[in-house]
Amino acid sequence: MRVAIFGSGAVGGYFGGRLAQAARAGRPGISNLEVIFIARGEQLAALRSTGLQVESIVGDFTLGPLSASDKPARVGQVDAILVCVKAWQVPAAAAAMLPLVGPDTAVVYLGNGVDAPGQLGAVLGSEHVLGGLCRISARLVAPGRIRHTGIQPYVALGELNTRPSGTGETSQRVQALCDLLASAGVQVAQPPDILAAMWEKFAFICATSSVGAVTRAPFGVLRSLPECREMLEQAVREVAAVGRRRSILLADDLVPRILSLIDSLPPETMASMQRDILEGRPSELGAQTGAVVRMGLESGTLTPLHETLYASLLPQELAARGEL
């Protein structure tokens with residue numbers, strides 16, 4: 001089986017690294033796996049020359065030189081693609097990965113936001129695209145070096161064209177990918193409704209990213225100050241309202257469960273969008289906060305907090321992109 005990791009930063013590097021580590025160790029059911037990292041620049045050079053070093057709360061590991069390329073056409077068709085680029089990079093990534101896609105290739109986006117499956121399907125064909133999400137707090141601290149600081153690494157997968165039936169049925173390709181990741185030591189799940197699971201993560205990441213960016217504070221501060229905690233709760237409620245208006249079957253206890261998750265994380269945790277904004281880099285503001293505002297307008301759902309957060313953060317986002 002050939003698996004391409006498209007976008008080999010912190011998220012792609014971690015999960016791709018775990019797969020490559022398991023393949024090199026010859027673990028049962030994974031020994032004939034080929035993992036190819038699609039990367040560029042200094043990260044590509046590091047993966048090819050020295051490999052990957054991961055500092056992780058669930059165990060450090062180091063891999064020597066890895067199979068990596070910046071030319072998908074030279075890689076050729078693969079069985080599966082784990083797409084791990086930033087949300088705003090997905091449309092360009094979809095076009096670039098066309099040479100990797102064969103008749104039976106499965107493509108899954110593990111990043112933030114809920115627009116990616118449609119963007120990938122528009123270019124590659126919706127029949128290739130699975131629903132998916134991951135949970136991990138990690139960052140690229142240097143080329144070829146990843147630091148995983150929080151959250152048990154987790155991946156959820158499912159077919160997008162099915163709604164919950166209560167039967168527990170799954171597709172062969174979803175099961176194969178789940179088995180592969182589980183063999184690499186990653187916690188995996190197949191939710192009965194992958195769209196609801198993706199929107200639940202969307203509510204969590206939108207709230208923590210935008211409230212964290214505008215306050216410039218980590219999770220420990222956001223959850224302990226009543227004023228900030230109230231903003232987090234309102235942000236989650238707005239995303240849930242938009243999702244339900246779009247016929248997403250979100251659980252009634254969504255808000256307390258997300259707040260409980262925030263409470264469980266290390267106090268110094270920050271969302272990746274928040275870090276990008278604070279450090280002056282282009283961020284996922286449009287794909288997260290901006291997407292909530294856009295979908296709220298489309299569905300006639302009020303999102304006053306997200307509108308305020310988006311407007312407050314937009315000048316710095318445009319400056320980071322050289323567009324101000």
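These numbers come from the heavy atoms of this one structure, side chains and all, not from hydrogens, waters or symmetry mates.
Contact annotation: the side chain of Leu157 never approaches that of Ile194 to less than 4.5 Å [non-hydrogen atoms, C-beta and beyond]. Using a 4.5 Å heavy-atom cutoff, the side chains of His306 and Cys206 are in contact. Counting only heavy atoms from C-beta outward, the side chains of Val129 and Ser126 never approach each other to under 4.5 Å. Looking at Tyr154 and Val186, their side chains never come closer than 4.5 Å, going by heavy atoms from C-beta outward. Under the 4.5 Å side-chain criterion, counting only non-hydrogen atoms from C-beta, Val90 is in contact with Leu120. Taking 4.5 Å as the limit, every side-chain heavy atom of Leu285 sits out of range of all side-chain heavy atoms of Trp88. Using a 4.5 Å heavy-atom threshold, the side chains of Leu259 and Val255 count as touching. Two residues are said to be in side-chain contact when any heavy atoms from C-beta on lie closer than 4.5 Å; Val221 and Thr215 fail this criterion.
Remark: the backbone N or O of Ile262 is paired with a side-chain donor or acceptor of Arg223 at under 3.5 angstrom. Put simply, the side chain of Arg229 never gets that close to the backbone of Ser224: no donor and acceptor are under 3.5 Å apart. Side-chain N or O atoms of Arg2 include none that pairs as donor or acceptor with a backbone N or O of Asp79 at under 3.5 Å. Judged purely by atom type and a 3.5 angstrom limit, His148 uses its side chain to pair as donor or acceptor with the backbone of Gly150. Looking only at distances, no side-chain donor or acceptor of Asp253 sits under 3.5 Å from a matching main-chain atom of Pro256. Looking at Glu317, its side chain does come within 3.5 Å of a backbone N or O of Ser283 through a donor-acceptor pair. Side chain of Thr105 to main chain of Gly102: a donor-acceptor pair is present (N/O by atom type, distance under 3.5 Å, no hydrogens or angles). Panel note: side chain Tyr109, backbone Ala87; a donor-acceptor pair is recorded below 3.5 Å. For Asp70 (side chain) and Arg40 (main-chain N/O), no donor-acceptor pair under 3.5 Å exists by modelled atom type. With hydrogens and angles ignored, the 3.5 Å screen pairs a side-chain donor or acceptor of Arg27 with a backbone N or O of Ser183.
A side-chain contact (heavy atoms from CB on, under 4.5 Å) with Met273 holds for exactly one of Thr208, Thr289, Asn112; it is Thr289. Considering Met295, Arg244, Arg245, Glu238 as possible partners of Thr301, the one that fulfils the side-chain contact (heavy atoms from CB on, under 4.5 Å) test is Arg245.
Transitive grouping of hydrophobic side chains (ILVMFWY, heavy atoms separated by less than 4.5 Å) brings Val75 and Leu98 into a common cluster. Clustering ILVMFWY residues whenever any of their side-chain heavy atoms sit less than 4.5 angstrom apart, transitively, puts Val141 in a cluster other than the one holding Tyr14. With hydrophobic clusters built from ILVMFWY side chains whose heavy atoms lie under 4.5 angstrom apart, Leu225 does not share a cluster with Leu232. Placement of Leu44 and Leu66 in two distinct hydrophobic clusters is found when ILVMFWY residues are connected by side-chain heavy-atom separations under 4.5 Å, directly or transitively. Criterion: ILVMFWY side-chain heavy atoms under 4.5 Å apart, direct or through other members. Under it, Leu318 and Leu309 are part of a common hydrophobic cluster.
For Leu302, the CG atom counts as loosely surrounded, since its 6.0 Å shell holds 12 or fewer non-hydrogen atoms of other residues, nucleotides or ligands. The environment of CD in Gln187 is crowded: more than 12 heavy-atom neighbours from other residues, nucleotides or ligands sit within 6.0 Å. Residue Glu279 qualifies as enclosed at atom CD: its count of foreign heavy atoms under 6.0 Å is above 12. By the neighbour-count criterion of 12 heavy atoms within 6.0 Å, atom CD of Glu127 is densely surrounded, having more than that number from other residues, nucleotides or ligands.
Residues meeting the side chain to side chain donor-acceptor pair (under 3.5 Å) test with Gln175, sequence neighbours left out: Asp179, Gln190.
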Derivation of the side chain to side chain contact (heavy atoms under 4.5 Å, CB included) call for Leu133 and Leu110: CA-CA 4 Å; Leu133 63 97; Leu110 295 182; 5.9 Å; no
Glu323 and Arg321: CA distance, side-chain angles, deciding distance, salt bridge (Lys or Arg N to Asp or Glu O under 4.0 Å) verdict: CA-CA 5 Å; Glu323 298 174 4; Arg321 295 176 179 272; 5.3 Å; no
Intermediate values then yes/no, side chain to side chain contact (heavy atoms under 4.5 Å, CB included), Arg24 and Val35: CA-CA 10 Å; Arg24 289 187 178 183; Val35 181; over 6 Å; no
Chi angles and distances behind the side chain to side chain contact (heavy atoms under 4.5 Å, CB included) call for Ile38, Ile5: CA-CA 6 Å; Ile38 307 299; Ile5 311 298; over 6 Å; no
Salt bridge (Lys or Arg N to Asp or Glu O under 4.0 Å) between Glu42 and Arg48, worked out: CA-CA 10 Å; Glu42 293 182 337; Arg48 283 174 164 173; over 6 Å; no
Trace of the side chain to side chain contact (heavy atoms under 4.5 Å, CB included) decision for Leu19 with Leu180: CA-CA 8 Å; Leu19 288 170; Leu180 199 65; 4.0 Å; yes
Full working for salt bridge (Lys or Arg N to Asp or Glu O under 4.0 Å) between Arg294 and Asp115: CA-CA 12 Å; Arg294 168 177 52 80; Asp115 291 327; 2.6 Å; yes
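When all heavy atoms of Ala271 and Ser209 are compared, the pair lying nearest together is CB-OG, 3.3 Å. Of all the heavy atoms in Ser312 and Val214, the pair that sits closest is CB-CG2, 3.9 Å. Nearest heavy atom pair, residue Ala93 against residue Phe6, reads CB-CE2, 3.6 Å. The minimum heavy-atom distance between Gly13 and Leu52, with the atom names listed, is O-CD2, 3.3 Å. Taking every heavy atom of both residues into account, Phe37 and Gly17 meet most closely at CZ-N, 3.7 Å. What you find for Val11 and Cys134 is that their closest heavy atoms are CG1-SG, 3.8 Å.
Here the CG-CD distance, from Leu254 to Glu200, works out to 5.0 Å after rounding to the nearest 0.5 Å. One distance of note links CD of Gln274 with CD of Glu284; it measures 13.0 Å at 0.5 Å rounding. Remark: Met198 CE to Asp193 CG distance equals 10.0 Å, nearest 0.5 Å. If you take CG on Leu265 and CZ on Phe219, they are separated by 6.0 Å, rounding to the nearest 0.5 Å.
Between the side chains of Arg18 and Gln21, at least one donor N or O sits under 3.5 Å from an acceptor N or O. In the model, Ser171 has a side-chain atom that pairs as donor or acceptor with a side-chain atom of Glu159 under 3.5 Å.
Within the structure, the salt bridge (Lys or Arg N to Asp or Glu O under 4.0 Å) test picks out the following pairs touching residues 82-110 (sequence neighbours left out): Lys86-Asp276.
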